[in-house]
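Heads up: the structure comes next, in structure tokens.
These values consider heavy atoms only, across backbone and side chains, with no hydrogens, waters or symmetry-generated copies. Residue numbers start at 1 and run along the sequence shown. All ligand and atom numbering here is 1-based and tracks the order in the structure.
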Amino acid sequence: MSTAHDPWWRSAVIYQVYIRSFADGDGDGTGDIAGLRSRLQYLAYLGVDAIWINPWYPSPLADGGYDVSNFRDIHPTYGTLDEARKLITEAHELGLRVILDIVPNHTSDQHAWFQKALAAAPGSPERDRFIFRDGRGENGSEPPNDWHAAFGGPTWTRTPDGQWYLHLFAPEQPDLNWDNPEVRAEFESILRFWFDLGVDGFRIDVAHGMVKDPALPDLGLTEFSVIAGEDQENHPHWDRDGVHDIFRSWRAVADGYPDPLVFVAEAHVRPGRLAHYLRPDELHTAFNFDFLKCALEADKLREVIDRTITDLAKVGAPATWVLSNHDETRHVTRYGRAHTGVTTPLRDRHHPSDLALGTRRARAAALLMLALPGSAYIYQGEELGLYEVEDLPESALQDPTWERSGHTVRGRDGCRVPLPWTGDTPPFGFSTAEAVPWLPQPENWKSYTAEANQADRTSMLQLYRSALRLRRTHPGLRGEDFRWLDSPDGTLLFERGDGVSCAVNLSEQPLPLPEACTVLLASGPLDSGLLPADTAVWLQQD
Ligand code: GLC
């Protein structure tokens, strides 16, 4: 339900579909639109409001599809534009909105524009769509500056005629020049193309990286630390004020449609800066990476929750909450470790994880996240209780980080393993029985399938379903009311509307529950009026 005052996106629960790994309809081992269409009923059964689909455009898949070679088509492995249209219609019929991923910071090196730029002369209009520069040093053989690329190595690659081009990510992902009006016009046209096809919004990839300081000054970096540089003020390529002009014009495009179309930013920025992206004439929402990265400790969570709500309220934007995505270690694994936060940008491997503990905590975290006011993101498979697959054979690894780091950082494949749907052995209904999924699934995922989860009243899936049903139907969880109540150290207790409250016990002591309350939902068994450690509960005042 959505009204002018309470538009759907302010409280939506959005399910992230990593299409390569969601469901394979044609048996080639890679997920696709046919597979997604065949599982839409499952998403309706789960009870989410919308789906966000990771890039599905034609792409050489140098970075899992974040290297787009044509922004107006579908990768043939995933299907066709006609199937995309059908998917959108069918999703809408089930009450599910559809959000796409747009990748405006860079293209694929196979994109027609970049191929033309390579063929054209230095200084040509074709090259001006990207960021080409002469090198430094003798014969220009040194890169134009000292910036580091996100997956390792320099941000510059030299072309046969001696010039260099900039890529904040892999060399196969040349950065676009957003000072060029042609680039701006092209992306507004791409937005319209998909809006006209019926999509309800976009997740904006690397929204904080699109504008660069034209002087391209050195950063003085000594080691691989492109993400760490995000903390720096007046950074030459992160979070520059110029990005806001772009988003204002994008907002005008979206507002030109009768339906409320939305943007969600992927912007890793310093505390306090996110609200700038969410001013009333810019983007609607942004991912809350502070929440995702936060250790599962009451005082730290409380601080992040407070800061989020207060900062965003200043611009009238709702909070969002997220525990996992396709770039981070799955939270069941993170929460089973001694240090539960995200401590490194790409991975914190080789730290043992107690998966039973991680699962218990993940259940509690789900009830925390889904009780908070605002919108929430579920990464495919978290509702099945999946953990990070940390022992993928090296020969299977596909994330560019593995090669670019000289085989020292395995990268993000462990959270991208194809979903288990049914049955006792791989491919667990992800694909046809003979198919080989593009990443191998663990042999022991039998108890994690959607089928097994459906059959077990106490499963992660049933917990998510119950929580989502309550979120939809209980008036106390629908509005944006939120108030902390006193509770002992190591615990969180807050009230929403209509006498609904949520208690989370992250201490080692059992927590006595408030009196005169009925339990609406609990993440684990209660112990005669006490909330055990690593457990959360939703309560209704009697
Ligand atoms: C974003 C995506 C990530 C991708 C990168 C480059 O961070 O989430 O998967 O590798 O952008 O496009």
Side-chain angles (χ1 to χ4, degrees), residues 14 16-22 52-69 71 75 99-111 114 130-131 147-153 155 166-176 178 187 190 202-210 212 224 226-230 237-239 243 263-269 274 277 286-290 292-293 320 322-330 342 344-347 377 379-380 388 397-405 409-417 439:
I14 300 168
Q16 179 185 351
V17 174
Y18 194 74
I19 187 157
R20 259 179 130 178
S21 302
F22 185 72
W52 147 38
I53 307 171
N54 285 102
W56 61 359
Y57 315 103
S59 161
L61 302 178
D63 179 21
Y66 283 93
D67 47 321
V68 179
S69 51
F71 289 94
H75 193 300
I99 293 176
L100 298 187
D101 211 317
I102 191 153
V103 190
N105 181 66
H106 40 262
T107 67
S108 158
D109 61 352
Q110 298 307 311
H111 190 284
F114 192 69
F130 296 89
I131 303 176
W147 297 357
H148 292 182
F151 306 133
T155 47
L166 179 83
H167 51 87
L168 293 185
F169 294 87
E172 295 88 348
Q173 294 168 294
D175 278 45
L176 285 159
W178 277 88
F187 272 84
I190 293 166
F202 283 95
R203 176 253 189 201
I204 305 170
D205 189 60
V206 198
H208 60 312
M210 293 152 72
K212 280 86 184 174
F224 164 48
V226 73
I227 306 286
E230 286 165 356
H237 63 73
W238 292 138
D239 192 26
V243 295
F263 294 109
V264 51
E266 185 213 22
H268 298 267
V269 294
L274 205 55
Y277 291 74
F287 290 105
N288 189 344
F289 294 115
D290 290 345
L292 183 152
K293 293 182 175 172
T320 70
V322 59
L323 296 170
S324 277
N325 65 28
H326 65 293
D327 291 328
E328 302 292 347
T329 304
R330 282 193 178 273
V342 172
T344 60
L346 287 171
R347 278 300 180 264
Y377 284 83
Y379 176 47
Q380 69 177 38
E388 182 84 1
L397 297 180
Q398 309 247 346
D399 187 336
T401 307
W402 177 239
E403 289 300 328
R404 304 282 304 158
S405 69
V409 184
R410 291 169 64 96
R412 302 160 293 179
D413 293 316
C415 65
R416 299 175 175 179
V417 173
L439 283 175

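- From N288, atom CG reaches atom NZ of K293 across 11.0 Å, with rounding to the nearest 0.5 Å.
- Ring planes of H208 and W238: parallel class, angle under 30° (limits at 30 and 60°).
- A tilted orientation is assigned to the rings of W52 and F287, their planes being inclined by 30° to 60°.
- Side-chain atoms of Y57 and H111 include no donor-acceptor pair closer than 3.5 Å.
- With respect to N105, the side chain to side chain donor-acceptor pair (under 3.5 Å) criterion is satisfied by exactly one of E266, K212, H237: K212.
- In this pair, Y379 and Y18 present their aromatic rings perpendicular. The plane angle is above 60°, beyond the 30 to 60° band.
- A heavy-atom cutoff of 4.0 Å around ligand 1 is satisfied by the protein residues D63, Y66, H106, F151, F169, Q173, R203, D205, V206, E266, H326, D327, R412, R416.
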